[in-house]
Every structure is written in C-alpha cells, then in structure tokens.
Number of protein chains: 2
Amino acid sequence: MSTAKGRKPAAGEGNPLLLQSVARTMSVLEAFAGQPRPLSIAELAAAAGLDKSAGQRIAHTLQALGYLERSSVGLVPGKKALYRAFDFLRMNALVESATPVLHELRKSVNERVDLSLLDGTDIVYAVRLQSKRETFSATLVGRRLPSFCSTGGRAMLAALPEAEALGILEASDRRPLTPRTTTDIPAILGKIEEARRCGYALAIEESALGEIVLAAAVLDIHQRPVAAIHVAGSLSEWAEDGFRQRISPLVMEAARALSHTYKRG
Amino acid sequence: MSTAKGRKPAAGEGNPLLLQSVARTMSVLEAFAGQPRPLSIAELAAAAGLDKSAGQRIAHTLQALGYLERSSVGLVPGKKALYRAFDFLRMNALVESATPVLHELRKSVNERVDLSLLDGTDIVYAVRLQSKRETFSATLVGRRLPSFCSTGGRAMLAALPEAEALGILEASDRRPLTPRTTTDIPAILGKIEEARRCGYALAIEESALGEIVLAAAVLDIHQRPVAAIHVAGSLSEWAEDGFRQRISPLVMEAARALSHTYKRG
DNA sequence: TTCGACCGTATCGTATGGCGATACGGCCAA
DNA sequence: TTGGCCGTATCGCCATACGATACGGTCGAA
C-alpha cells in the first residue's frame with residue numbers, strides 16, 4: 001500500500017528475483033483489506049486483480065493452509081493470520097523493550113496507552129493497553145491510520161526533515177475521520193511545527209470523537225522516528241490544559257527511554 | 001501445524017489444485033514460529049524446508065511486499081502481518097458479536113477477560129481485555145496454546161463428543177507449561193468431565209503461575225464449540241471457591257449469549 | 001596475516017508447475 | 001424455463017520459477 005502496487009506484477013518487472021507467485025499469493029490475502037463482508041472466490045479474484053482460475057487455485061491452497069476460512073457467506077481471513085501477527089510482535093525488538101515502559105506509563109496515567117509504528121504514510125497500532133472503563137475498542141491492534149491525522153503520526157512527522165514530512169502528507173489519503181480532522185496541508189504543517197517545539201503532539205477529536213490524545217515519537221539511533229507512544233483520554237474528564245500538563249512529561253519520558261535502542265525502522 | 005506438513009509438497013500431492021508456490025510462500029512466513037531471534041536467509045530457507053535459492057527469492061519478494069523486514073541481525077516478520085490479523089478480527093462474525101459482550105463482562109468482573117478460538121488441537125487468543133493492574137502481558141493476541149492445558153480449551157473439549165476430545169488430547173503436545181500443568185490423559189479427562197458437569201472449566205496455575213482462570217465454551221448452531229470466554233484472576237486476591245461463585249455465572253451467561261450466533265468454525 | 005566458513009547476491013539454461021480458456025452442474029431470481 | 005453467477009474440474013502449452021553454481025565481503029580462529 002505504501003509503495004508500488006503495479007496492476008500486473010508481470011514477473012520480474014523491475015527486480016529479476018521478484019516472484020510473481022508470491023506477490024499474487026499475498027495480493028489474495030490483501031484483498032480483504034477494507035472489505036465490509038466476506039468475499040466469494042470470484043470477488044476475491046477480482047479484488048486481487050487475478051482471473052478466476054488463479055484466484056480459485058490460490059484461494060483453495062490458502063484455505064487448506066488455514067489462511068482463509070469459509071464463512072456462511074463466503075471466504076474470510078483465517079486464524080493463521082493471528083499467528084503471524086504474534087510472531088511479528090514477539091520478534092520485534094522495539095515492541096519487546098516498549099512493553100514494560102508502556103505498562104509503567106499506563107500505571108501512572110491510568111488512561112489508554114498505545115504504541116504505534118510508522119509504516120510509509122501510515123501508522124499501525126502495535127500495542128494497546130486499555131484504560132479502566134473503556135467500552136469501545138473499535139480500534140484494534142493492526143489498525144492502520146494515515147499519520148497526518150493521528151497524534152502519533154504527527155509526532156513522528158515532526159521528527160522528520162520538513163521536506164520528507166511534506167512528501168508524506170501529500171502522498172496521504174487525507175479524507176477526514178471526524179468532522180474535526182485537520183485535512184488542510186498548511187494547517188497540518190502548523191500542528192507539526194507545534195509538535196516539534198513542544199516535543200509532543202496533541203489532537204482533540206481528530207481521529208475519534210470525544211477523545212483527546214497526546215503522543216511523543218520514539219527515535220532510532222539515526223534520530224529517525226520509528227514509533228510513537230500515545231495516551232488517550234476522554235473529553236468528559238479532561239480539559240486540554242490539564243491533559244497537557246499532567247500527561248505530556250510522562251509520555252515524553254517514556255518515549256525518550258525507548259529512543260536509540262532500536263537499530264532500523 | 002495442526003494438519004499435514006509433508007516434507008516436500010511436491011505440487012499436487014493429494015489435491016490437484018494445491019499450488020506449491022503458495023505453500024512455499026507461507027512456509028517461509030511460518031518459519032519464524034517459535035524462533036527466539038531473527039533469521040538469516042539461509043536459516044530461514046532451512047527452517048522452511050527450502051534450498052537457499054528458493055528461500056532467497058521468496059524472502060526478497062516478501063521483504064519487498066512488507067511481510068519481512070531486516071533487523072540488525074537478520075530477517076523478522078514485517079508490519080503487514082499486523083494488517084492481515086486486523087482483517088481477520090474485523091471480518092470474524094464471532095469476534096464482532098463477542099466484543100460488546102466481553103466488555104460488559106469485563107465491567108462486571110473487573111478482571112482480565114479473553115476470547116479464544118479453537119483451532120485443531122490448540123486455542124488462539126483473539127481478544128484480550130486487560131484488568132486494571134495487569135503488569136505482565138506476556139501473552140498476546142495471536143498466542144497459541146494447546147487446548148488441554150488452558151481453561152478455555154478444556155471448556156471446549158468438554159463440549160465435544162468424548163472420542164473426539166480424546167483424539168485431540170492424544171494428538172497434542174503435552175509438555176507442561178508450569179509445574180502444575182496436568183499432562184496425564186486420564187486426569188485431564190477427569191477435569192473435562194468436571195467441566196461438562198459444571199458448564200465451565202477452572203484451572204489454577206496450569207498455564208501461568210499465580211493465575212486462576214475460569215472459562216466457558218461458545219457453541220455454534222450445531223452445538224459444536226468454536227470459542228471460549230476466559231476470566232483470569234490473581235491468586236493473591238482470589239480463593240478458588242470465591243472465584244467460582246462470583247465469576248462462573250457471569251462467564252456462563254456471556255458464553256450463552258454468544259452461542260448459536262455463529263454458523264461455522 | 002591467512003585461511004575457511006558463511007554471509008548475501010547474482011546468473012542462467014532447463015523442465016516443470018501453474019496459467020487461463022473452457023466446460024459442467026447446481027442454485028436462485030426473474 | 002431461462003439466464004446469471006456460483007463453485008468446481010480439466011488440460012495442453014509455455015512462461016515462470018528452479019536450483020546448481022559462482023563471486024565478493026566479513027568475521028573468527030589459527
């Protein structure tokens with residue numbers, strides 16, 4: 001998503017050792033992204049950009065392997081997807097070192113704490129520690145958001161060279177998530193500039209209504225942003241000033257504790 | 001893992017429309033399961049049962065697609081794995097209907113609540129709602145445990161015909177997870193029988209020390225178990241009797257509320 | 001320093017594995 | 001019934017991936 005997505009991989013387009021069979025396989029798994037309901041074999045093939053025969057064979061094989069399952073109304077991703085995500089989290093050095101820090105932070109602030117990772121123009125939630133009385137967990141681990149409209153994303157953009165941040169903004173899908181999402185590039189740049197000054201980013205109801213979120217970036221040894229730590233509170237309990245004063249030092253300290261421990265994004 | 005894992009898929013061994021290229025691709029991704037550290041290309045190929053050339057090509061392609069990433073010491077799974085797990089959770093009808101029920105339950109019991117799914121001889125954690133003061137989240141979504149030693153697994157085994165449950169027990173890897181794990185088949189069958197009588201399963205320190213867990217099975221419309229709801233408490237705060245009396249009715253009610261809403265495992 | 005082992009990378013002729021057009025039976029709605 | 005779309009199955013051809021092989025770099029032990 002974040003990079004090339006040529007219509008037809010055409011085997012070796014660009015790199016001679018890129019296998020089209022692998023790309024086709026993964027494109028079938030990716031075909032579910034954003035789909036509201038299970039897919040038939042034909043729909044799956046179409047969504048993956050394959051003809052019916054190829055879709056049929058790949059889907060059957062993936063089903064036999066547990067990466068696809070039949071539901072009553074079509075095919076859905078299979079449980080094996082969870083195992084692979086578990087492997088990712090387990091082998092990720094940053095997630096590993098972040099876990100105790102995040103728990104500590106969560107204990108201090110008593111609000112929801114998230115760790116997100118930068119991936120191209122987007123961020124992905126990698127760890128979520130719920131707050132005590134959270135009833136909506138519409139957002140889950142693995143959820144992807146454009147970086148411009150999430151606090152964590154803006155904190156990370158602020159740690160990039162201005163030109164690079166601008167490039168990401170321009171390449172992003174800037175549809176608003178809530179009525180209060182900032183979608184205007186100069187305005188976003190202003191907020192990024194503010195984040196650069198403060199050392200953290202703050203957003204009110206830009207990705208979910210009723211929510212105030214504060215985040216700071218985690219940097220690798222080259223001073224490049226690789227992740228962000230978020231704390232989310234409810235507007236029914238927090239005013240902006242109080243949230244800033246109480247939360248920001250803790251989040252920045254946690255982010256600083258994790259920075260430079262990580263080699264490469 | 002739960003089914004066949006022939007040394008060499010040999011294209012069409014068994015089913016004529018099974019694609020070996022797909023199986024090879026996924027076997028590279030699966031090679032990380034259980035590995036303690038990043039893998040070199042050669043190690044990855046060996047773990048996937050491929051020669052160096054095939055491993056090289058597949059790994060490079062997967063890396064280009066974001067399913068593999070380079071760390072300082074080798075290859076690790078890539079962020080895309082999280083997206084696929086998110087798709088699974090988002091499109092899973094049971095997870096969707098379970099979410100509000102689990103939150104309700106968590107509010108009532110104020111302890112950790114999990115939803116696990118049955119997958120062959122194992123269970124997978126699909127949803128986890130932490131308790132207020134949980135400091136260790138060693139277990140994560142996507143973690144797989146043998147069903148015999150988890151409460152949820154035993155609750156589900158109790159809902160299967162006895163012969164089938166026995167088959168799963170015999171096929172399971174019955175290494176103990178803690179000193180208190182029950183690994184003796186007759187003893188496990190006894191606990192399953194108890195679960196069948198009570199309508200829920202209970203285990204004390206069988207999968208983690210200091211933990212008492214109670215679980216009830218969720219059944220599909222054919223009365224077959226597809227999932228389980230767990231509540232986990234700390235032994236420093238709960239005695240067995242109190243835990244049973246306080247927690248079991250709530251867990252059973254939540255499991256009943258979800259049962260029969262789901263078509264097929 | 002000099003090996004040797006192992007790393008990642010790259011090349012290339014070959015044969016095999018998957019391509020995709022095609023066909024069939026079942027089901028549902030018109 | 002008819003027509004559409006479903007999932008399934010077949011089959012000959014050729015493009016695709018195979019895998020043996022080779023090369024330069026790096027690291028540790030000799």
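None of the values given here were measured: they were computed from a predicted structure. First the proteins, then the strands, lettered A, B, ... as listed; each starts at 1.
- Of all non-hydrogen atoms in B:D114 and B:L129, the two that sit nearest each other are OD1-N, 4.3 Å.
- The base of D:dA17 lies outside donor-acceptor range of the side chain of B:S53, with no N or O pair under 3.5 Å.
- Between the base of D:dA9 and the side chain of A:Q56 there is a donor-acceptor pair shorter than 3.5 Å.
- Across the protein-nucleic acid pair, A:L50 atom CG and C:dA21 atom C1' stand 16 Å apart, rounded to whole Å.
- With C:dG18, D:dT8, C:dG8 as the candidates, the nucleotide lying closest to the side chain of B:A42 is C:dG8.
- In terms of heavy-atom proximity, A:S259 sits nearest to A:L219 at OG-N, 2.9 Å.
- Rounded to whole Å, atom P of D:dC6 lies 7 Å from atom CD of A:E43.
- Across all strands, B:S40 comes closer than 4.0 Å only to sugar-phosphate atoms, never to a base (heavy-atom distances).
- For the helix from C:dT1-D:dA30 to C:dA30-D:dT1, the angle separating the two terminal helix axes comes to 40°, with each axis derived from five pairs and the value rounded to 10°.
- With sequence neighbours left out, the salt bridge (charged side-chain N to carboxylate O under 4.0 Å, His left out) criterion links B:E104 to no other residue.
- If you take CG of B:L19 and C1' of C:dG17, they are 9 Å apart, rounded to a whole angstrom.
- For D:dA17, neither phosphate oxygen OP1 nor OP2 lies less than 4.0 angstrom from any side-chain nitrogen or oxygen of B:R24.
- Atom CG in B:L18 sits roughly 13 Å away from atom P in C:dC19 (whole-Å rounding).
- Between A:H60 atom NE2 and D:dT8 atom C1' the separation is 7 Å, expressed in whole Å.
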Side-chain atoms of residues 145-159 of chain B: list all donor-acceptor pairs with protein atoms under 3.5 Å, sequence neighbours left out, distances to 0.1 Å.
| unit_1 | atom_1 | unit_2 | atom_2 | d |
| --- | --- | --- | --- | --- |
| B:S147 | OG | B:T121 | O | 2.7 |
| B:S150 | OG | B:G153 | N | 3.0 |
| B:R154 | NH1 | B:F148 | O | 3.2 |
| B:R154 | NH1 | B:E206 | OE1 | 3.2 |
| B:R154 | NH2 | B:E206 | OE2 | 3.2 |

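- Between the CG atom of A:D51 and the C1' atom of C:dG20 there is a distance of 5 Å, rounded to whole Å.
- Under 4.0 angstrom from either OP1 or OP2 of C:dA10 there lies no side-chain N or O belonging to B:R57.
- Atom CG of A:L44 is separated from atom P of D:dC5 by 18 Å (rounded to the nearest Å).
- Annotation for B:H230 and B:I123: closest pair CE1-CD1, 4.1 Å, computed over non-hydrogen atoms.
- Going from atom CD of A:Q20 over to atom C1' of D:dA17 covers 9 Å, rounded to whole Å.
- Donor-acceptor pairing under 3.5 Å is recorded for the side chains of B:Y67 and B:R84.
- Donor-acceptor pairing under 3.5 Å, judged by distance alone, is present between the side chain of B:K52 and the base of C:dT9.
- Summarising the local packing, CD of B:E253 is surrounded by 12 or fewer heavy atoms from other residues, nucleotides or ligands at distances under 6.0 Å.
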